[in-house]
Amino acid sequence: MKAIIVHGGSGRFKQHKIERAKKGVKRAAREGFRILLEGKSALDACETAVKVLEDDPVFNAGTGAVLTIDGRCELDAAIMIGSSYEAGAVGGVERIKNPISLARKVMEETDHVLLVGEGARRFASSIGFEDYNPITEERLQEWKKLRKKLEAGEDVRWKKIRTLIKKHPELLSGTVGCVVLDDTGEIVAGTSTGGVFMKLLGRVGDTPMLGVGTYATPYGGASATGLGEGIMRMVLAKTVTDFIQMGISAQDAAQSAINLLTDRIGTGAGVIAIDRRGNIGYSKNTPDMPVAYIKDGMDEVEVFI
Ligand code: ASP
């Protein structure tokens, strides 16, 4: 059984970005599924789908990711193989086009799981990743507006983060993620993000932390999105895969984990999941989360927000 599900981040998408986001997740699911139809692995399909999303500036990952409080673009990503528990991740890496591919290289070519900042950047250069500026004009303009508010003493402050994100859920939206099952039964999960708008330099979120933003086991895989500071405290992705391993359906696992986070932490989040039979699950407690999926037996990608 082949199946793929992708998300484009939980939060609120501005009206003019909704159609773009739906198109973007559809294209990513279709491209990832095409890789599976060619007989390639879940790992290749996951990387391909996440790269499509990273290259689409409507999402907060790769090109067009959000900026730190001082106007820089620090990216996080992780990828994990369920059967072997192998994983690779990068945190706070600058000037790179596809962090998901760098995360895969960390898994395949180093003895480590997570590289951060300057070290991750240096590793990227030494294995031939080109220097790339992911900052788009659109994000720069958004950043300038937020920066002005901040300088005027308005509420764009981390100490008020819950209130801030509740008031402006669009500050969150756009992280990307993917979970894939291939015909061999392999499950792979991947997630990529620019983090949260106006984050402090050096802040790393849930995305590259295994079990938190990204996790895969032989039984299931999950990719999370939303406010990383909440997701970390709930260890969200592993909670979902643990539920799946206990025999709970992918849909109920996703829903229950989000319910737990909502009750206990109260921050915004969403999650997608797949189990080893190809059942998919997704849940969110925010206004939007673009999602697309396709599996054997379906003629067209299903998309919603
Ligand atoms: N989870 C990401 C982070 O906190 C943000 C997001 O999903 O929108 O870094």
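These values consider heavy atoms only, across backbone and side chains, with no hydrogens, waters or symmetry-generated copies. Ligands are counted one by one from 1 in listed order, and the atoms in each one are counted from 1 as well.
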Any N/O pair Asp76/ligand 1 closer than 3.5 Å: no
For Glu142, all residues meeting salt bridge (Lys or Arg N to Asp or Glu O under 4.0 Å), sequence neighbours excluded: Lys14, Lys17, Arg139
Check ion pair Arg122-Glu118 (N to O, under 4.0 angstrom): yes
Option nearest atom 6 (C) of ligand 1 (shortest heavy-atom distance, choices Asp206, Val66, Thr175): Thr175
Which residues share a salt bridge (Lys or Arg N to Asp or Glu O under 4.0 Å) with Arg95, sequence neighbours left out: Asp131
Heavy-atom gap Gly226 to ligand 1 smaller than 4.0 Å: yes
Side chain, backbone, both or neither: Arg203 near ligand 1, heavy atoms under 4.0 Å: side chain
Nitrogen or oxygen atoms of Gly228 and ligand 1 under 3.5 Å apart: yes
Separation between CG of Leu67 and CD of Glu74, rounded to the nearest 0.5 Å: 10.5 Å
Proximal ligand 1 atoms for Val196, defined as those under 4.0 Å from one of its heavy atoms: 4 (O)
Aromatic ring pairing Phe13/Phe59, orientation class (parallel under 30°, perpendicular over 60°, tilted between): perpendicular
Gly9 backbone acceptor or donor facing His7 side chain under 3.5 Å: yes
Ligand 1 contacted by Glu229 (non-hydrogen, < 4.0 Å): no
Distance filter under 4.0 Å to Thr225 heavy atoms, resulting ligand 1 atoms: 6 (C), 7 (O), 8 (O)
